[in-house]
Amino acid sequence: MEMEDQEDQKPLLVTVAGSSGDDRQGAAPASSSSSIAVVVGSTAVAVAGSFEFGISVGYSSPCQPGIMRDFNLSIAEYSVFGSILTAGAMLGAFVSGTLADRAGRRCNGDIGSSLHSWISLDKSSPSVLWLDIGRLSIGCGIGLLSYVVPVYISETAPKNLRGGFATVNPLMICCGTSRAYVLGTFITWHTLAIIGVAPCLLQLAGLVVIPESPRWLARIGHPHEFEAALQKLRGKETDISKEAVEIKDFTEKLQHLPKSKMVDLFHKEYISAVIVGAGLMVLQQFGGMNAIFFYANQIFVSAGFSSGNTGMLAMVAVQAPVTGLAVLLMDKAGRRPLLMVSAAGTCLGCALVGLSFLAKEHHWGKYLNIVLALTGILIFTGSFSIGMGGIPWVIMSEIFPINMKGTAGSFVTLVNWLGSWIVSYAFNFLLAWSSYGTFFFFASICGLTFVFVERLVPETKGRTLEEIQASFRK
């Protein structure tokens, strides 16, 4: 990579991975107000795709009665429609890292958004086949975006604000899901599908003006573009020399490593990061997240509610403000404490929902099952939103070095969506087999998550990406 002569002589600064103060050598300078405006704008464009992501996830729950009625679908057939989104996301995840590494972070977002825009309209087709094709294609788009959005934010935001900005990604997913829940109670599934196109158009327009990731530009050998992008993100008056040297030196060191392959992820220097990244994704999915968010309407009805609309609106009332609280706490409380609180809360929530179905089966009280189900799902929703909903994606974007980020990101995102497909497809059958047993299983996974985080997940708050990644290679 071409660099300035003086910068080539400076030592690597990634050996200070154990510290976290802003006054150490190589620390990023304080951000100016102008830099915050650019980072806010860039993040807003990126998370427009996250908003669409949320709409896609939330779409299947309020639209289930209408789609099943209009197409005369069985539960098994609707399970195909609900879960095929995740099958498409697996396809998108498989190529997301390669596309992001070769074409850039912005281009990958553009591809994902384009898939959303063109295919969402097909959800209004009167054909069941086109309905499934449309949802599969949207899944491909969110598979791409689910990797590139957190990576872009982590590579552009200042380290002291990175956690908060990264949490905007799950916040917008939450807002998209909430909008789908609320609007789905008032409008038809046809209209809701068409409304979902708007965020895609906004993102496509915004991608033209936001800067590319400086770390990606440094990696591919564009030093002038790299410095221009970093200066734009940090503000015209900000001294970027120390941060630029740190990024350049770390990138130069990685250039001497061989091109990454999927098998390389299981080498000694990367396996710890892979276990943390993939483990969080597996536990996130098998803790019942997509089962509850994809099929909330059916869960409430099965638990004894006359309609699932009231329960879904209650979920919205809890989910959005708690996710907003997580944005404020991310860089104050840290990743680990929020994850552990989240895991404990989701464990309690799933246990209460399991008890509600047990109470209904044994007729323990006329309204006990309804109270337990609503309380449990609201506790689960709030607890999931404050930690396990977004922090696994934040950590995934932080722990892998730039030479492995594409391969590792594809692998971890693929693992996430594979787990999502298994749970979203099997849930209706599990509920028919044993409703309370299903949620007790989810509760046990959430309990395991608490132990996993306490034992294996490092704290990444207040550390540069280069420091975090170097610590895994020791």
Side-chain angles (χ1 to χ4, degrees), residues 12 14-20 90 93-101 143 146-148 150-151 154-155 162-163 166 215-216 219 249-287 334-336 339-340 343 387-388 390-420 422 445-461 463-474:
L12 285 174
V14 296
T15 57
V16 292
S19 61
S20 60
M90 283 190 284
F94 185 74
V95 300
S96 61
T98 301
L99 282 175
D101 280 350
S146 61
Y147 167 71
V148 76
V151 167
S154 73
E155 291 182 353
R162 188 178 65 242
R215 286 176 170 85
W216 180 78
R219 175 179 179 268
D249 285 343
F250 194 81
T251 303
E252 183 182 17
K253 181 180 178 181
L254 295 176
Q255 295 298 328
H256 298 295
L257 298 176
K259 186 177 180 181
S260 65
K261 299 177 182 177
M262 192 69 74
V263 69
D264 295 334
L265 293 175
F266 303 97
H267 290 176
K268 181 180 179 180
E269 61 266 39
Y270 303 121
I271 190 64
S272 295
V274 171
I275 290 172
V276 170
L280 284 174
M281 295 302 184
V282 170
L283 293 168
Q284 181 197 63
Q285 293 301 327
F286 284 90
R335 281 57 154 167
R336 273 170 49 88
L339 281 174
M340 294 171 73
M388 283 302 293
I391 295 179
W393 294 104
V394 175
I395 292 178
M396 180 274 291
S397 70
E398 295 175 326
I399 60 178
F400 296 111
I402 194 73
N403 69 308
M404 296 297 296
K405 189 163 282 187
T407 303
S410 290
F411 175 74
V412 171
T413 308
L414 181 62
V415 167
N416 180 278
W417 285 109
L418 176 60
S420 178
I422 292 172
I445 297 297
C446 294
L448 179 62
T449 302
F450 184 93
V451 177
F452 180 86
V453 173
E454 196 276 330
R455 296 293 179 88
L456 296 176
V457 178
E459 182 56 73
T460 60
K461 180 189 74 170
R463 302 166 71 185
T464 67
L465 297 183
E466 288 70 33
E467 289 171 351
I468 296 166
Q469 293 150 15
S471 70
F472 275 102
R473 295 168 63 85
K474 289 185 176 180

If you compare all heavy atoms of [X] against all heavy atoms of [Y], which two are closest, and at what distance to 0.1 Å?
X: Phe411; Y: Ala278; answer: CE2-CB, 4.2 Å
X: Gly287; Y: Cys446; answer: O-SG, 3.6 Å
X: Gln284; Y: Asn416; answer: OE1-ND2, 2.7 Å
X: Pro392; Y: Gly387; answer: CD-O, 3.6 Å
X: Met396; Y: Met281; answer: CB-CE, 4.1 Å
X: Glu459; Y: Arg335; answer: OE2-N, 2.9 Å

Looking at Thr413 and Gly409, would you say the former's side chain and the latter's main chain have a donor-acceptor pair under 3.5 Å?
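Checked: pair present.
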
Would a distance-only check, ignoring hydrogens and angles, find a side-chain to backbone donor-acceptor pair under 3.5 Å from Ser410 to Thr407?
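Not confirmed, Ser410 side chain does not pair with Thr407 backbone.
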
Can you tell me how far apart [atom1] ([X]) and [atom2] ([Y]) are? Round to the nearest 0.5 Å.
X: Ser146; Y: Leu414; atom1: OG; atom2: CG; answer: 10.0 Å
X: Leu99; Y: Phe94; atom1: CG; atom2: CZ; answer: 11.5 Å
X: Ile391; Y: Met340; atom1: CD1; atom2: CE; answer: 12.0 Å
X: Thr460; Y: Ile399; atom1: OG1; atom2: CD1; answer: 9.0 Å
X: Phe450; Y: Ile445; atom1: CZ; atom2: CD1; answer: 16.0 Å

With Phe286 as reference, evaluate Ile422, Leu448, Thr449 under the side-chain contact (heavy atoms from CB on, under 4.5 Å) test and give the passing residue.
Ile422

Could you tell me if the side chain of Leu280 sits less than 4.5 Å from the side chain of Trp393, heavy atoms only?
no

Is there side-chain contact between Val453 and Leu283, with at least one heavy-atom pair below 4.5 Å?
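Contact flag for Val453/Leu283 side chains = no.
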
The ring pair (Phe, Tyr, Trp, His ring centres under 6.0 Å) partners of Trp417 (sequence neighbours excluded) come to Phe53

What residues form a salt bridge (Lys or Arg N to Asp or Glu O under 4.0 Å) with Arg215, not counting sequence neighbours?
Glu466

